[in-house]
2 protein chains.
Amino acid sequence: MNLQSVIVSQSPEDKFREYLTTGNKSQRFTGQQRDMVRFIFSHHDHFDAEALISDMQAASLKISRATAYRTLNKLVDAGLLRRLELGTRTFYEHDYGYPQHDHLQCTKCGKVIEFQNPIIEEAIKQASLAHGFQSEGHSFIVRGVCKECNIARMPKRQLDLI
Amino acid sequence: MNLQSVIVSQSPEDKFREYLTTGNKSQRFTGQQRDMVRFIFSHHDHFDAEALISDMQAASLKISRATAYRTLNKLVDAGLLRRLELGTRTFYEHDYGYPQHDHLQCTKCGKVIEFQNPIIEEAIKQASLAHGFQSEGHSFIVRGVCKECNIARMPKRQLDLI
DNA sequence: ATTCTTGCAAAGCCTTTGCAACTGC
DNA sequence: GCAGTTGCAAAGGCTTTGCAAGAAT
């Protein structure tokens with residue numbers, strides 16, 4: 001996590017519980033779901049389903065693939081997680097308690113860097129207005145090479161010039 | 001296509017031929033590849049592999065799935081096509097001869113609207129500078145509801161107020 | 001002739017799903 | 001006890017790939 005958290009009154013676990021029982025729904029909050037929520041909100045920055053499953057298994061937590069996928073979908077629906085489509089793979093990151101931001105993705109090492117820029121909201125507003133579009137969300141990913149990879153790739157001679 | 005084309009000196013076909021033989025490569029330009037390039041650059045705005053295959057078959061052009069996928073990858077590599085990751089599906093759009101732009105995607109009807117805004121380049125510049133990042137490209141997709149779908153969903157009473 | 005491309009079908013990857021056993025409420 | 005959840009393994013999409021036959025240069 002690089003950005004400052006947003007202050008929230010409920011714990012992720014409570015928020016999820018609330019979601020599960022809101023409206024006409026009567027979904028259950030199971031032990032496995034509780035483990036997932038706790039694990040995700042104490043450990044991960046952004047991750048994909050497979051990484052979550054193996055990390056939880058490594059932490060001796062019981063988790064089956066099917067349940068992991070099913071619960072991830074619920075967590076997104078509940079507003080706890082945000083889906084992050086990097087290339088063609090789906091990653092997840094904290095949504096609840098974490099500010100809106102965008103991403104720089106390094107094509108060499110795969111690292112993902114978060115950044116914030118209010119200009120982007122402005123661009124969305126302008127484009128929406130121009131096309132009578134009602135925006136609901138966005139995905140903005142800048143691909144390139146991060147500072148570390150850039151230095152590593154640079155021949156020594158060029159480094160001297162900095 | 002909604003935006004004004006960029007003037008290019010070579011035909012897409014010639015540019016692809018050039019790519020195939022540039023450097024140490026000695027790749028062949030086959031009839032099927034030629035059909036694909038011609039078809040894509042005369043018909044499609046943006047499309048996915050399956051749509052291309054069935055559209056070409058409907059036009060009585062011979063095309064096998066494997067070759068379509070292989071050639072699409074080459075066309076991206078050659079700079080003729082740009083990959084457009086919408087959600088978790090891969091679409092393609094013209095890159096050569098077509099200006100840089102971004103997308104509004106309607107979550108109701110699936111329509112994709114192109115827009116241009118120089119502010120976005122500025123945002124990329126700022127974020128890259130702040131993180132020592134060397135940007136190579138980006139993907140910016142705004143999800144929401146397009147004008148038509150918005151009107152269709154609106155009760156008659158509210159329409160009267162417009 | 002040589003080397004690359006094609007086409008089929010099989011395999012890969014990620015994700016969803018049918019169904020019987022199980023469990024939270 | 002009822003309705004929702006789990007877990008397995010199978011199936012679903014989309015994309016890649018091994019290999020023998022075919023085509024471009």
Side-chain angles (χ1 to χ4, degrees), chain A residues 13-14 16-39 46-57 60-78 81-92 110, chain B residues 13-14 16-39 46-57 60-78 81-92 110:
Chain A
E13 206 174 315
D14 288 345
F16 189 45
R17 233 198 209 88
E18 181 181 291
Y19 159 83
L20 288 172
T21 55
T22 287
N24 46 0
K25 288 195 297 287
S26 66
Q27 301 186 102
R28 281 151 203 187
F29 187 60
T30 64
Q32 203 171 135
Q33 292 173 341
R34 182 202 55 221
D35 289 350
M36 275 185 68
V37 174
R38 288 189 186 165
F39 190 87
H46 66 270
F47 58 91
D48 64 8
E50 294 303 321
L52 175 70
I53 292 165
S54 57
D55 288 358
M56 285 187 65
Q57 279 168 350
S60 307
L61 291 168
K62 188 183 165 206
I63 176 96
S64 86
R65 201 168 307 282
T67 300
Y69 278 101
R70 282 191 273 238
T71 304
L72 283 171
N73 285 336
K74 290 189 183 188
L75 290 173
V76 169
D77 219 54
L81 294 180
R82 195 185 289 144
R83 248 186 269 273
L84 182 59
E85 315 283 4
L86 293 178
T88 189
R89 293 173 56 80
T90 300
F91 286 77
Y92 297 87
Chain B
E13 205 174 317
D14 288 346
F16 189 45
R17 233 199 209 86
E18 182 182 289
Y19 159 82
L20 289 171
T21 54
T22 288
N24 45 2
K25 288 193 300 286
S26 66
Q27 302 187 101
R28 283 155 200 182
F29 187 60
T30 64
Q32 202 169 139
Q33 293 173 340
R34 184 203 54 222
D35 289 350
M36 274 185 68
V37 174
R38 288 190 186 165
F39 190 85
H46 66 271
F47 57 91
D48 65 7
E50 295 302 322
L52 176 69
I53 291 165
S54 56
D55 288 358
M56 284 187 66
Q57 280 170 349
S60 307
L61 291 168
K62 188 182 166 210
I63 177 95
S64 85
R65 200 169 308 283
T67 302
Y69 278 101
R70 281 191 275 239
T71 305
L72 283 171
N73 285 336
K74 290 189 183 186
L75 290 173
V76 169
D77 218 54
L81 293 180
R82 195 184 290 143
R83 247 186 271 271
L84 181 60
E85 315 284 3
L86 291 178
T88 189
R89 292 174 56 82
T90 300
F91 286 77
Y92 297 88

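Below, all heavy atoms of this structure are taken into account, side chains as well, without hydrogens, waters or symmetry copies. In what follows, chains carry the letters A, B, and so on, assigned in the order in which the sequence lines appear, proteins first and then strands, with residues in each chain numbered from 1.
Across the protein-nucleic acid pair, B/Leu72 atom CG and C/dT6 atom P stand 12 Å apart, rounded to whole Å. As a whole-Å value, the separation of B/Asp77 CG from D/dT16 P is 12 Å. Atom-to-atom, CG of B/Asn73 to P of C/dC4 comes out at 18 Å; the value is rounded to the nearest Å. Spacing between atom CD1 of B/Ile53 and atom P of D/dG13 amounts to 15 Å, rounded to whole angstrom units. Atom CZ in B/Phe16 sits about 13 Å away from atom C1' in C/dC4, given to the nearest Å. Whole-Å rounding puts the A/Leu75 CG to D/dT5 P distance at 13 Å. Taking atom CG of residue A/Asp35 and atom P of nucleotide C/dG24, one finds them 12 Å apart after rounding to whole Å. In this structure, A/Phe47 places its CZ atom 12 Å from P of C/dT15, rounding to the nearest Å.
Of the candidate nucleotides D/dG7, D/dT6, C/dT15, D/dT6 has the atom lying nearest to any side-chain atom of A/Gln33. Considering only side-chain atoms of A/Thr67, the nucleotide from C/dC8, C/dT2, D/dG7 that sits closest is D/dG7. Here the side chain of B/Ala66 is nearest to one of D/dT15, D/dC8, C/dA9, namely C/dA9. Of all nucleotides listed (C/dG7, D/dG4, D/dC8), D/dG4 comes nearest to the side chain of A/Gln27. Considering only the side chain of B/Glu50, D/dC14 comes nearest among C/dT3, D/dC14, C/dT15. Across D/dA24, D/dT5, C/dC13, the shortest atom-to-atom separation from the side chain of A/Arg28 is found for D/dT5. Listed nucleotides: D/dG7, D/dA24, C/dG7. Nearest to the side chain of A/Gln32: D/dG7. Side chain of B/Tyr69, nearest nucleotide from D/dT15, D/dT25, C/dT23: D/dT15.
Nucleic acid contact for A/Asp48: none, since no nucleic acid atom lies under 4.0 Å from a heavy atom of the residue. Among the heavy atoms of the strands lying under 4.0 Å from A/Thr90 are primed sugar atoms or P, OP1, OP2 only; no base atom is included.
Side chains of B/Thr88 and A/Arg83 form no contact here, defined as non-hydrogen atoms less than 4.5 Å apart. For the pair B/Tyr19 and B/Lys25, the minimum side-chain heavy-atom distance is below 4.5 Å. Using a 4.5 Å heavy-atom cutoff, the side chains of B/Asp35 and B/Met56 are in contact. Residues A/Phe47 and A/Asp55 form no side-chain contact, since every pair of their non-hydrogen atoms from C-beta on lies 4.5 Å or further apart.
Side-chain nitrogen and oxygen atoms of A/Arg65 include none within less than 4.0 Å of the OP1 or OP2 phosphate oxygen of D/dC8. Look at A/Ser64 and you won't find any side-chain N or O under 4.0 angstrom from OP1 or OP2 of D/dC8. Within the 4.0 Å cut-off from OP1 or OP2 of D/dG7, at least one side-chain nitrogen or oxygen of A/Lys62 is found.
Of the two residues near DNA chain D, B/Arg83 and B/Arg17, the one whose nearest nucleotide lies more 5' is B/Arg83. Both A/Phe29 and B/Ile63 lie near DNA chain C, and the one whose nearest nucleotide falls closer to the 5' end is B/Ile63.
Distance check, rounded to the nearest 0.5 Å: OH of B/Tyr92 to CG of B/Asn73 gives 5.5 Å. In this structure, CZ in A/Phe16 is found 13.0 Å from CZ in A/Arg38, a value given to the nearest 0.5 Å.
Scanning atom types as modelled, no donor and acceptor separated by under 3.5 angstrom connect the side chain of A/Arg70 and the base of C/dT16.
For A/Arg34 and A/Glu13, the salt-bridge test fails: no basic side-chain N is under 4.0 Å from an acidic carboxylate O.
Side chain of A/Thr67 to backbone of A/Ile63: no donor-acceptor contact under 3.5 angstrom is found.
Proximity of residues 18-26 of chain B to DNA chain C (heavy atom under 4.0 angstrom from any strand atom) is restricted to B/Ser26.
Nearest heavy atoms, A/Gln33 versus A/Arg28: OE1-O, 2.8 Å.
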